[in-house]
Amino acid sequence: MGLKLNRLAFVCSLIVFLTISAVSHAGVTSSYTRVAEPSEEMPLETFPPPPGYNAPEQVHITQGDHNGRGMIISWVTPVNDDGSNVVTYWIADSDASTNQTAEASTDSYRYFDYNSAFLHHATIKGLKYDTKYFYELGTGRSTRRFYFTTPPEVGPDVPYTFGVIGDLGQTFASNQTLYNYMSNPKGQAVLFAGDLSYADDHPNHDQRKWDAYGRFVEACAAFQPWIWAAGNHEIDYAPSIGETEAFKPYKKRYHVPYKASKSTSPLWYSIKRASAYIIVLSSYSAFDKYTPQNSWLEDELKKVNREETPWLIVMVHSPWYNSNNYHYMEGESMRVTFEPWFVQNKVDIVFAGHVHAYERSERVSNINYNITDGLSSPVKDPSAPIYITIGDGGNIEGIANDYTYPQPSYSAYREASFGHALLEIKNRTHALYTWHRNGDKESVISDSLWVKNRYFLPEVETSMV
């Protein structure tokens, strides 16, 4: 009898051990790590203003309407001369008779002891789909020319490739991230998960860092749209120096088409692009029931037609599933509020930043919490999104390499390195996702996955690397 009991105890212990192993060590923690020290920031003089009197600078573009036939073109000039707020644009390979112009709204702002230059934002509408355009800014000998390509017409099997970057900053590591992304010709637009200039990491929120950041990213952001989400480093709330308007520099400098999706704030909005429906949310605005963001999202999710745009992608800044001690569980309140809606609507991917490392989750949800029987752990859920933390752009604060152990079951892959990602949508059922670590000389694909659409092909995915 004692032998049988011992054998039974051994079997039970083995089952418990295997269960714990399966739950705790389901994912991969990469052994590749860089030293978790602050990244060296590029000096202000690294990106001087362009030559010429009143030359336009800090040029960047983003989608200007809901369907992809509009573009917001933004730029800065030191002086508000006649003509400095006008953009001229035309279809590539067309003659001069097709040139059109659009007039920008012009604004400026004061922050502590800083007075901004003149900020221009022009919205061009009625563009042709899948067409290359040139555009020109400035007057006299200080004109500058750029180009962009509009997306294909919205449709369920339209291929399109998004770059994904978060927490970029303007360090030498940031420069490597942006260079690596730009070196790959696949990217057509950037999903940016928040934290841009990190001006607030400097005394009195040094606004010159916003100018330097605009010059830094111009090499990419003037030629393909960046879809912006706001992070905590965009809040710029500093009552100690008399600055009590949250998000002031960000909202003045980076316009988005929020009104096209009936939003009341530029901090949350949506667009359709090719076969994707992109929803941008604000982690640092009120989101509980009866708040404007909550009401807007509830209505917005009802408008998504997966037969037209199969891929439903959400951007927030603070991650909901994060196994790093850095910013651990800061997104929990928002997760509790919105996660049931994401599962119900079969969101495909949620991109977040904030944590300065990389992590990809399994498809899990934690919507069955019951205070009576204590159901409070994430479980596999085929209707749930993949949660990807991409706050690894290269920011001044350095890498977050303090992961929790054992690795939780919801974490599929994590690595304390800088990098960027690509999401290559192929058709209504498949998209290739790859994460590119910043290597010493060139980027390296360290994580990849064939993502299967939750609406058309809700099957389990397996990692490729």
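The model shown is predicted, which means the values in this text are computed figures rather than measured ones.
- Across all their heavy atoms, Trp90 and Thr88 have their closest contact at CZ3-O, 3.8 Å.
- Around atom CZ of Arg110, more than 12 heavy atoms belonging to other residues, nucleotides or ligands sit under 6.0 Å away.
- For Gln293 (side chain) and Ser282 (main-chain N/O), a donor-acceptor pair under 3.5 Å exists by modelled atom type.
- When every heavy atom of Ser275 is checked against every heavy atom of Val158, the shortest pair comes out as OG-O, 2.7 Å.
- A salt bridge does not link Arg144 to Glu136: none of the charged side-chain nitrogens sits closer than 4.0 Å to a carboxylate oxygen.
- With respect to the salt-bridge test (charged N to carboxylate O, under 4.0 angstrom), the residues Lys262 and Asp299 do not qualify.
- Judged by distance alone, the side chain of Thr150 and the main-chain N or O of Lys128 form a donor-acceptor pair under 3.5 Å.
- Environment of CG in Asp113: crowded, with over 12 heavy atoms of neighbouring residues, nucleotides or ligands closer than 6.0 Å.
- Between the side chain of Asn453 and the backbone N or O of Pro310, at least one donor-acceptor pair lies under 3.5 Å.
- Comment: Arg215 does not engage Glu218 in a salt bridge, judged by the lack of any side-chain N to carboxylate O separation of less than 4.0 angstrom.
- The minimum heavy-atom distance linking Leu168 with Trp226 is given by the pair CD2-CH2, 4.2 Å.
- Side-chain contact between Thr389 and Tyr358: absent, with no pair of heavy atoms (C-beta onward) separated by less than 4.5 Å.
- Minimum heavy-atom separation, Ala400 to Val355: CB-CG1, 4.3 Å.
- With respect to Lys426 and Glu424, a salt bridge is recorded, a charged nitrogen being found less than 4.0 Å from a carboxylate O.
- Relative ring orientation between His317 and Tyr284 is described as tilted, the plane-to-plane angle lying within the 30° to 60° band.
- Ser270 places a side-chain heavy atom less than 4.5 Å from the side chain of Tyr277.
- The backbone N or O of Asp167 sits nowhere less than 3.5 Å from a side-chain atom of Asp195 that would complete a donor-acceptor pair.
- Aromatic ring centres of Tyr179 and His420: separated by at least 6.0 Å.
- Sparse packing is recorded around OH of Tyr328, with 12 or fewer heavy atoms of other residues, nucleotides or ligands lying under 6.0 Å away.
- Salt bridge annotation for Glu153-Arg69: absent, with no cationic side-chain nitrogen under 4.0 angstrom from a carboxylate oxygen.
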**Report entry** CA sep, side-chain torsions, deciding dist, call: Gln58, Asp211, side-chain contact (heavy atoms from CB on, under 4.5 Å)
**Finding:** CA-CA 7 Å; Gln58 304 175 48; Asp211 293 320; 3.1 Å; yes
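- A salt bridge between Asp348 and Arg306 is present, with a side-chain N of the basic residue lying under 4.0 Å from a carboxylate O of the acidic one.
- Contact detail for Pro50 and Pro56: the closest heavy-atom pair is CG-O, 3.5 Å.
- Residue-environment remark: NZ (Lys303) exceeds the threshold of 12 foreign heavy atoms within 6.0 Å.
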Requested in this report: For side-chain contact (heavy atoms from CB on, under 4.5 Å), just list the numbers for Ile313 and Val347, CA-CA rounded to whole Å, side-chain angles, deciding distance to a tenth of an Å, and then say yes or no.
Outcome: CA-CA 6 Å; Ile313 300 167; Val347 171; over 6 Å; no
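- Ring to ring, His356 and Tyr326 are close: their centroids are under 6.0 angstrom apart.
- Glu234 places a side-chain N or O within donor-acceptor distance of the main-chain N or O of Gly231, the cut-off being under 3.5 Å.
- With Tyr135 as the partner, the side chain to side chain contact (heavy atoms under 4.5 Å, CB included) test is satisfied by one option alone out of Thr101, Val59, Ile124: Val59.
- Across Lys252, Gln207, Glu245, Lys248, a single residue satisfies side-chain hydrogen bond (donor to acceptor under 3.5 Å, both in side chains) together with Tyr109, and that is Gln207.
- In this structure, the ring of Phe134 has its center no less than 6.0 angstrom from the ring center of Phe146.
- Below 30°, between 30° and 60°, or above 60°: for Tyr213 and Phe216 the angle between ring planes is above 60°, a perpendicular geometry.
- Within the 4.5 Å cutoff, no side-chain heavy atoms of Gln176 are placed close to those of Phe418.
- Remark: side-chain polar atoms of His60 are paired, donor with acceptor, to backbone N or O of Arg253 under 3.5 angstrom.
- Ring centers of Trp320 and Phe342: under 6.0 Å apart, within the cut-off.
- Side-chain contact check for Phe148 versus Gln224: every heavy-atom pair is 4.5 Å or farther apart.
- Judged by distance alone, with hydrogens and angles left aside, the side-chain atoms of Asp81 form no donor-acceptor pair with the main-chain N or O of Ser84 at under 3.5 Å.
- Smallest separation of non-hydrogen atoms from Arg273 and Phe162: CD-CE2, 4.0 Å.
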